[in-house]
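Keep in mind it's a predicted model, so treat the numbers as computed, not measured. Just so it is clear: chains get the letters A, B, ... in the order the sequence lines come, proteins before strands, and each one is counted from 1.
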Number of protein chains: 2
Amino acid sequence: MSDSSHSYSSHVEPSSTPDNVIKALSIDNLIFGLDHGKLDILLIKHKVGISKGQWALPGGWIRYDENLRDAATRHLHELTGVTDLYLEQLKTFGRVDRFPSERVVTVAYYALVSAEDYKVVAGNNATDASWFGIHELPELIFDHKEIIDFGIQHLQQQVRRRPIGFNLLPEKFTLLQLQELYEGILDTKLDKPNFRRKIMKMNLLASCDEKQQGVAHRAAKLYRFDEEAYQALTEKGFSFEI
Amino acid sequence: MSDSSHSYSSHVEPSSTPDNVIKALSIDNLIFGLDHGKLDILLIKHKVGISKGQWALPGGWIRYDENLRDAATRHLHELTGVTDLYLEQLKTFGRVDRFPSERVVTVAYYALVSAEDYKVVAGNNATDASWFGIHELPELIFDHKEIIDFGIQHLQQQVRRRPIGFNLLPEKFTLLQLQELYEGILDTKLDKPNFRRKIMKMNLLASCDEKQQGVAHRAAKLYRFDEEAYQALTEKGFSFEI
DNA sequence: ATTTCTTGTGGTCAAATATACCATATTACA
DNA sequence: TGTAATATGGTATATTTGACCACAAGAAAT
């Protein structure tokens with residue numbers, strides 16, 4: 001691994017900062033996962049630096065010849081093993097005193113994943129990587145708690161207007177799982193028959209012609225999100241809303 | 001004026017870049033105005049540097065001891081004379097090749113103003129500053145056109161969900177002005193009676209107990225946006241939607 | 001004073017949507 | 001075979017949306 005892949009936990013010793021990165025500019029990733037209806041966030045522990053041993057969002061420096069999203073993807077992979085997921089820009093955080101002793105502005109990215117689909121392992125620059133419930137977060141470095149709070153608020157708004165919630169579920173899911181997802185994120189109770197009708201009327205779900213296995217009651221049908229149908233509808237001016 | 005207030009047009013000669021700023025990180029402001037129902041953007045011409053004589057979004061470097069929004073506000077003031085307005089973060093643009101010869105990431109901010117309320121003058125580091133209709137934009141430096149395109153799309157989405165459109169109007173306005181504003185931004189035609197009812201039902205407008213002056217027809221009532229009422233409603237879970 | 005023109009304002013009605021609640025079908029498992 | 005949990009369909013009512021009509025107001029021109 002080259003020097004420039006060091007996560008920024010090493011940055012607090014200036015001499016160890018790789019010189020092919022943009023100083024004063026970093027990336028932080030906010031990865032949401034869903035575990036039994038509970039919203040989780042992926043955190044890592046830095047291996048070295050002032051923040052060694054402390055929990056943090058997975059992130060690090062940006063290389064001179066690297067686009068922002070590429071840097072985000074790379075750090076996520078190197079720190080947690082998570083790959084193949086689409087990161088969306090959240091916001092840039094730049095309070096003068098957010099980083100100790102130096103001025104560092106960070107661009108935050110976020111994504112939603114099905115926790116069970118992603119194996120999480122501590123990468124080369126992390127001693128630990130794991131999921132935390134949003135109500136059981138440990139102490140975090142810098143302004144990472146602030147980034148998380150902003151991200152949760154953002155998620156609650158976005159999930160109602162864009163079909164991003166599906167990313168939190170496994171590829172095949174039941175309508176009840178989907179409903180519980182929305183109830184979890186939005187912190188409300190929804191009427192089952194009405195919810196089903198609303199979703200089905202959108203024509204965004206494709207039936208898998210399969211049923212749940214091994215449940216102690218009537219098995220539910222499995223559906224998957226039909227990305228193509230969504231694209232087609234979007235071009236016709238369709239707008240998702242829950 | 002101190003060195004650090006130089007807009008980044010001077011940055012292309014490295015030796016002239018002030019050293020109390022964060023290199024590789026800049027600000028750009030996207031200021032929307034409304035002129036006779038036409039959406040405008042505020043542009044400036046840099047006084048020096050490689051982009052001298054070319055139109056650009058008003059922006060520049062960020063000082064080490066300066067928060068992002070403060071930097072945005074400062075540059076806007078120094079370049080155009082515009083002051084007292086609330087800038088919102090839009091997005092960060094960081095394509096590797098967006099800036100010539102160096103790697104510069106820029107944080108874009110945006111705001112909406114009533115064009116007639118703001119006198120625009122070229123500041124110390126600009127030879128020119130003026131409004132351009134979004135369909136009559138001149139050639140722009142770097143990726144500023146891309147920033148504008150993203151901003152317009154963002155505006156069209158936001159204007160329907162947040163009462164930000166009012167910022168484009170004078171303090172006192174008529175309902176027809178407001179309707180034309182929405183028709184202009186959203187590029188649609190709206191039914192007058194229905195629009196009025198929808199707006200009035202929100203209880204966000206306070207009557208000024210005044211009427212239009214000097215018009216060749218029945219004078220319309222003047223209203224103003226009731227910021228306090230909006231705050232109160234928001235806390236009760238009200239959500240603005242057009 | 002009357003006309004004229006543009007805009008403000010109110011009404012209505014059908015269609016679409018949201019919401020609440022009831023009832024029943026299905027099926028894995030004990 | 002029963003039971004429990006879930007899927008699924010029905011329906012009646014309130015609310016919202018969208019389209020359209022008609023007329024009142026009032027400033028200016030004649």
K221(A) has an atom NZ; how far is it from atom C1' of dG9(D), in whole Å?
-> 12 Å

From CD1 of I199(A) across to P of dT8(D) the rounded distance in Å is 14 Å

Between Q231(B) and E235(B): side-chain donor-acceptor atoms closer than 3.5 Å | no

Identify, between K201(A) and A220(B), the residue whose nearest nucleotide on DNA chain C lies closer to the 5' end.
-> A220(B)

Between dT9(C) (C1') and Q179(B) (CD): distance, integer Å = 13 Å

Starting at atom CG of L176(A), determine the distance to atom C1' of dA5(D), rounded to an integer number of angstrom.
-> 10 Å

Over how many whole Å does the gap from K198(B) atom NZ to dT15(D) atom P extend?
-> 17 Å

Salt-bridge contact E146(A)-R95(A) (side-chain N to carboxylate O under 4.0 Å) | yes

Candidate pair K221(B) and E210(B), rule side chain to side chain contact (heavy atoms under 4.5 Å, CB included), full reasoning | CA-CA 6 Å; K221(B) 269 194 220 164; E210(B) 277 181 67; over 6 Å; no

Rounded off to whole Å, could you give me the CD-to-P distance for the E180(B) and dT6(C) pair?
-> 14 Å

K211(A): side chain to side chain contact (heavy atoms under 4.5 Å, CB included) partners, not counting sequence neighbours | A219(A)

Are side-chain N/O atoms of R69(A) and Y86(A) paired as donor and acceptor at under 3.5 Å?
-> yes

Protein-nucleotide distance (I242(B), atom CD1; dT16(D), atom P), rounded to Å | 15 Å

Once base and sugar-phosphate atoms are separated, protein heavy atoms under 4.0 Å mark nucleotides 23-30 of chain D, 5' to 3', with B, S and - as -BBBSS--

Go through the structure and list residues passing ring pair (Phe, Tyr, Trp, His ring centres under 6.0 Å) with H77(A), not counting sequence neighbours.
-> none

Only counting residues at least two apart or in another chain, list the ones meeting ring pair (Phe, Tyr, Trp, His ring centres under 6.0 Å) with F132(B).
-> W55(B)

Look at the side chain of R197(A) against the base of dG10(D) and say whether a donor-acceptor pair falls under 3.5 Å; ignore hydrogens and angles.
-> yes

May I ask you to list the residues of residues 188-196 of chain B, by number, that have any heavy atom positioned under 4.0 Å from an atom of DNA chain C?
-> K192(B), P193(B), R196(B)

Do the side chain of E183(B) and the main chain of L190(B) share a donor and acceptor less than 3.5 angstrom apart?
-> yes

Selection residues 191-204 of chain B - residue pairs positive for side-chain hydrogen bond (donor to acceptor under 3.5 Å, both in side chains), sequence neighbours left out = D191(B)-N194(B), N194(B)-R197(B)

